[in-house]
Amino acid sequence: MYVPVKDLPIVVQQALSSVGYGKKDIEVIAAETATFACAGSDGQRAFVIMCSKSEYKTLLGSWGGSNIFNPQNIVDNDWSPAAVPLDGIIIKGSSGNHVFAQIIVHPHNPLLNNKVLPGEVLSDREKSILGVFKGIKSAYRKEYLSRMKVQESEIDKLISGGYLKKDGRGISVTTEGKNHAKPAW
């Protein structure tokens, strides 16, 4: 599920800001175990941030990912599963040329209690349309939507439902739309 960053606890917002994460929402994954390892690549450095209620600690990988000069770095090399703390939050990602991040929380973490998806049920077709807006670059969307024979009324319904947003630049998927989107491929 995707959650607006502004709805997260302040300490998590500060942790995301410390690595340069600037998107309006972030993917939250519920899991009982996770690995510390997160892959870096050319021009990228992996990171893992562990947050409690009042503080966070950042672990950094090596630029370019795992290498022979830093074999003990757990961010690059520890792929063994570890328990996700019930009241803690783990942020994994990479920074450098661009910043990617996702949050991992225990399924019973209080953070998730307030983040319940709305009861409205979308059809598989509507979820697929949202998937096109979420996963396909804007230059190619028209072709995908044409292949699917999407009507203007279907897009209007998703806009009025708050799943898509229309402005002067075009149509984009909202955080709520990301939560309901089905992969486009």
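Every heavy atom of this structure was used, including side-chain atoms; hydrogens, water molecules and symmetry mates were not.
- Legend: residues meeting salt bridge (Lys or Arg N to Asp or Glu O under 4.0 Å) with E27, ordered by chain and number and at least two apart, are absent.
- For the salt bridge (charged side-chain N to carboxylate O under 4.0 Å, His left out) condition, the pairs that include at least one residue of residues 158-170, sequence neighbours left out, are D167-R169.
- Of all heavy-atom pairs between L122 and K127, the closest is O-CE, 3.5 Å.
- Here the shortest heavy-atom pairing between F47 and F100 reads CZ-O, 3.7 Å.
- Looking at residues two or more places apart in sequence or on another chain, you find a side-chain contact (heavy atoms from CB on, under 4.5 Å) between Y56 and V11, Q14, A15, S18, I49, C51, T58.
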Intermediate values then yes/no, side-chain contact (heavy atoms from CB on, under 4.5 Å), I90 and V105: CA-CA 6 Å; I90 298 172; V105 296; over 6 Å; no
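- The side-chain contact (heavy atoms from CB on, under 4.5 Å) check on N97 picks up Q44, with sequence neighbours excluded.
- Residues forming a side-chain contact (heavy atoms from CB on, under 4.5 Å) with E152 (at least two apart in sequence, or on another chain): D156.
- Between the OG atom in S95 and the CH2 atom in W63 there is a gap of 5.0 Å [rounded to 0.5 Å].
- Looking at every heavy atom in both residues, L16 comes nearest to A101 through CD2-CB, 4.2 Å.
- Checked against Y2 for a side-chain contact (heavy atoms from CB on, under 4.5 Å), the options K134, E176, H180 give a single hit: K134.
- Taking 4.5 Å as the limit, every side-chain heavy atom of I89 sits out of range of all side-chain heavy atoms of V28.
- Nearest heavy atoms, Y21 versus V5: CE2-CG2, 4.0 Å.
- Residues that satisfy the side-chain hydrogen bond (donor to acceptor under 3.5 Å, both in side chains) test with Q13, not counting sequence neighbours, are absent from this structure.
- In this structure, the side-chain hydrogen bond (donor to acceptor under 3.5 Å, both in side chains) partners of S80, at least two apart in sequence or on a different chain, are D78.
- Without hydrogens or angle criteria, R141 side chain to G135 main chain gives no donor-acceptor distance under 3.5 Å.
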Full working for side-chain contact (heavy atoms from CB on, under 4.5 Å) between V12 and I26: CA-CA 11 Å; V12 176; I26 188 166; over 6 Å; no
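- Looking at residues two or more places apart in sequence or on another chain, you find a side-chain hydrogen bond (donor to acceptor under 3.5 Å, both in side chains) between K178 and D25.
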Residue pair K182, L130: steps toward the side-chain contact (heavy atoms from CB on, under 4.5 Å) verdict: CA-CA 7 Å; K182 186 176 171 183; L130 291 172; over 6 Å; no
Mind listing the side-chain donor-acceptor pairs of residues 31-39 below 3.5 Å, one per line with the distance, residues two or more places apart or on another chain?
residue: T35; atom: OG1; partner: K92; partner atom: NZ; Å: 3.2

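- Under the 4.5 Å side-chain heavy-atom criterion for ILVMFWY residues, a single connected hydrophobic cluster contains both V150 and Y140.
- Using modelled atom types, one side-chain atom of R45 and one backbone atom of G61 make a donor-acceptor pair closer than 3.5 Å.
- No donor-acceptor pair closer than 3.5 Å links the side chain of T175 to the backbone N or O of P4.
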I155 and L164: CA distance, side-chain angles, deciding distance, side-chain contact (heavy atoms from CB on, under 4.5 Å) verdict: CA-CA 8 Å; I155 292 176; L164 295 175; 4.1 Å; yes
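- Residue S128 comes nearest to M148 through the heavy atom pair CB-CE, 3.9 Å, listed as atom of the first residue, atom of the second, then distance.
- Nearest heavy-atom pair, V132 versus Y144, reported as atom, atom and distance to 0.1 Å: CG1-CB, 3.9 Å.
- Here OH of Y163 is found 10.0 Å from CG of N179. Values are rounded to the nearest 0.5 Å.
- Proximity of I159 to I171: side-chain heavy atoms (C-beta onward) are separated by under 4.5 Å at one or more points.
- Looking at residues two or more places apart in sequence or on another chain, you find a side-chain contact (heavy atoms from CB on, under 4.5 Å) between S123 and R125, E126.
- A 6.0 Å sphere centred on NZ of K24 holds more than 12 heavy atoms belonging to other residues, nucleotides or ligands.
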